Amino acid sequence: MMMRREPQVAAGVLYLVATPIGNLSDVSFRALEVLKSVDAIACEDTRHSRPLLDHYGIDRPLIALHEYNEDSRSARLAERLLAGDSIALVSDAGTPLINDPGYPLVRAARAAGIRVSPVPGPCALIAALSASGLPSHRFTYEGFPPRKSSARKSFFAALKDDARTLIFYESSHRVLETLRDLASVFPAGRRLVLARELTKRYETLVDTTVGGAEALLAAAAEMRLGEFVVLVEGAPSTAATAVLTPQQARILGILLRDHPLKTAVALTVEISGARRELVYREALRLSGREGTSVEATD
Ligand code: SAM
C-alpha cells in the first residue's frame with residue numbers, strides 16, 4: 001500500500017480529527033500536526049478539549065460547536081473556510097460525527113465545494129468490534145438504543161433477524177435496562193460481547209450471551225460503571241434455508257434429464273445466475289442423492 005506524508009494543513013480545508021477515547025497516547029502524530037497548524041479548532045465542549053490540547057501544547061483558538069448551535073454556526077464556519085481559513089473539527093472523544101456533532105458542518109462544507117479531509121483515529125465501535133471475536137466482515141452500527149423501554153424493544157425487534165454483527169453504544173445509567181430489553185427480544189443463546197472502558201485503566205471485554213448478560217452485570221457493581229459498547233452476534237445466515245426460484249429449478253430439472261449432475265449444475269449456474277451451492281443442493285435432491293457431499297459428486 002502506498003503511504004503518503006502530507007504534514008502541512010492547506011487553506012480552506014475542514015479537517016475531521018479523531019481524538020482518544022480514553023488513552024491520551026492514542027492521538028496520532030498527524031492529528032497533532034493538524035491541530036497545531038489550523039486557524040481554529042471547532043470542538044464540542046471547550047472545557048473538555050482544552051486539557052487534551054494543553055497536554056500537547058496546542059493553543060489554537062477554539063470555537064464551540066455542539067448539538068444546540070451547530071445548525072446556525074456551521075454556515076458561519078463554511079464562510080470562514082471559503083475565505084481561506086483551515087479548521088479542524090474534534091469531538092469530546094473518538095471520531096467526530098460518530099454519535100457526535102459535525103454532520104451539518106460537513107454537509108454545508110461539501111455543498112459549498114470545500115475540501116473535507118479526515119484525520120482518522122480512535123472510534124469506540126471499531127475498537128470494540130476488532131477485539132470482540134465476533135464476525136467483523138459485515139456489521140451494523142446502530143448508535144444508542146432509544147431511552148424508553150417500549151421504543152427500545154421495537155428497535156431491537158427490527159434488528160433481531162439481521163445476520164450482521166450488531167453494535168450499540170450505551171451509557172452506564174441505562175446499560176442494565178438495555179440488556180434486559182435485549183434479552184426479552186433476542187434468542188437467549190445469541191453471543192454478546194460487552195466492551196467497557198476501552199483503552200482505559202479498567203478496560204474489560206466480556207464474552208457472554210444475550211440471556212446471561214444482565215445477570216453478569218447485576219452481580220458485579222463495578223461492571224456497570226463507565227462507557228459501554230454492546231455487540232451482538234448476527235442471526236444465523238439464511239443460506240441454509242434459501243431456495244432456487246421456480247424458473248431456476250425448472251432449468252435445472254430440464255438439464256438433469258440429459259446431462260450428468262455436475263454439468264447440469266454448471267449450466268444452470270451459467271444460464272440463471274443462481275448460487276452454485278443452492279443449485280447443487282437442489283440437484284442432489286432431484287436426483288435422489290440428498291446427503292451426498294458436493295465433492296463426492298465431482
Ligand atoms: N465519537 C465517539 C466514537 O468515535 O466512538 C463516540 C461518542 S458517543 C457520544 C459516546 C459513547 O461511545 C459512550 O457512551 C460509549 O457508548 C462509547 N464509548 C466512547 N468511549 C468508549 C470507551 N473508551 N469504551 C467503551 N465505549 C466507549
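In each ligand, atom 1 is the first atom listed, and ligand 1 is the first ligand listed. Just so it is clear, the structure is predicted and the values come from calculations on it, not from any experiment. If you read the sequence from its start, that first residue is 1, and numbering goes on from there.
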*Is L125 close to ligand 1, meaning an N/O of one under 3.5 Å from an N/O of the other?*
no
*Heavy-atom proximity to atom 6 (C) of ligand 1, best of V175, N99, I98, T19*: I98
_Minimal non-hydrogen separation, A42 against L65, with atom names_ = CB-CB, 4.3 Å
*Could you tell me whether E233 and R190 make a salt bridge, using a distance below 4.0 angstrom between a side-chain N and a carboxylate O?*
no
*Where is the tightest heavy-atom contact between S130 and A127, given as atom of each residue plus distance?*
OG-O, 2.8 Å
_Nearest protein heavy atom with distance in Å, relative to atom 24 (N) of ligand 1_ = L198 N, 2.8 Å
*atom 5 (O) of ligand 1: the protein heavy-atom neighbour that sits closest, reported with distance to 0.1 Å*: Y169 OH, 2.6 Å
*Check each heavy atom of A93 against ligand 1 and say whether those closer than 4.0 Å belong to the side chain, the backbone, both or neither.*
backbone
*asked:* Which option wins on minimum heavy-atom distance to atom 27 (C) of ligand 1: A124, P101, G143?
replied: A124
_Within 6.0 Å of CZ in R147, more than 12 heavy atoms from elsewhere_ = no
_I'd like to know whether NZ of K148 has more than 12 heavy-atom contacts from other residues, nucleotides or ligands below 6.0 angstrom._
no
*ligand 1 and I21, any nitrogen or oxygen pair closer than 3.5 angstrom?*
yes
_For a 4.5 angstrom cut-off between non-hydrogen side-chain atoms, does Y15 reach L35?_
no
*Look at atom 4 (O) of ligand 1 and find which of L97, T95, D100 reaches it with the closest heavy atom.*
T95
*Taking 4.0 angstrom as the limit, do R174 and E177 come out as a salt bridge?*
no
*Give a yes/no verdict on whether any heavy atom in T199 is under 4.0 Å from an atom of ligand 1.*
no
*Which protein heavy atom lies closest to atom 14 (O) of ligand 1, and at what distance to 0.1 Å?*
F144 CZ, 3.3 Å
*Hey, could you give me each pair passing ring-ring contact (aromatic ring centres under 6.0 Å, His included) that has a residue in residues 186-233? Not counting sequence neighbours.*
none
*At a 4.0 Å threshold, what atoms of ligand 1 neighbour a non-hydrogen atom of G94?*
3 (C), 4 (O)
_Residue and atom name of the nearest protein heavy atom (relative to atom 26 (N) of ligand 1), distance in Å to one decimal_ = V229 CG2, 3.5 Å
_Numbered atoms of ligand 1 (with element) below 4.0 Å of K200, judged on heavy atoms_ = 23 (N)
*Heavy-atom contacts with E197 under 4.0 Å: which atoms of ligand 1 show up? List them by number with element.*
23 (N), 24 (N), 25 (C)
*asked:* At under 4.0 Å between heavy atoms, is it the side chain or the backbone of E170 that contacts ligand 1, or both, or neither?
replied: backbone
*Is it the side chain, the backbone, both or neither of F228 that has a heavy atom closer than 4.0 Å to ligand 1?*
backbone
_Please report whether ligand 1 has a polar contact with C123, defined as an N or O pair separated by less than 3.5 Å (distance criterion only)._
no
*What protein heavy atom sits nearest atom 25 (C) of ligand 1, and how far off is it?*
E227 O, 3.2 Å
*Would you say S171 has any N or O atom under 3.5 Å from an N or O of ligand 1, going by distance alone?*
no
*Minimum heavy-atom distance E44-D92, with the two atoms named*: OE1-N, 2.8 Å
_If you define the side chain from C-beta out and look only at heavy atoms, does anything of L252 sit under 4.5 Å from L256?_
yes
*Check the surroundings of atom OH in Y103: do more than 12 heavy atoms from other residues, nucleotides or ligands lie under 6.0 Å from it?*
no
_To check you understand the geometry: which heavy-atom pair defines the closest contact between S28 and P120, and what is its length?_
OG-O, 4.5 Å
*Between S91 and ligand 1, does any nitrogen or oxygen pair lie at a separation below 3.5 Å?*
no
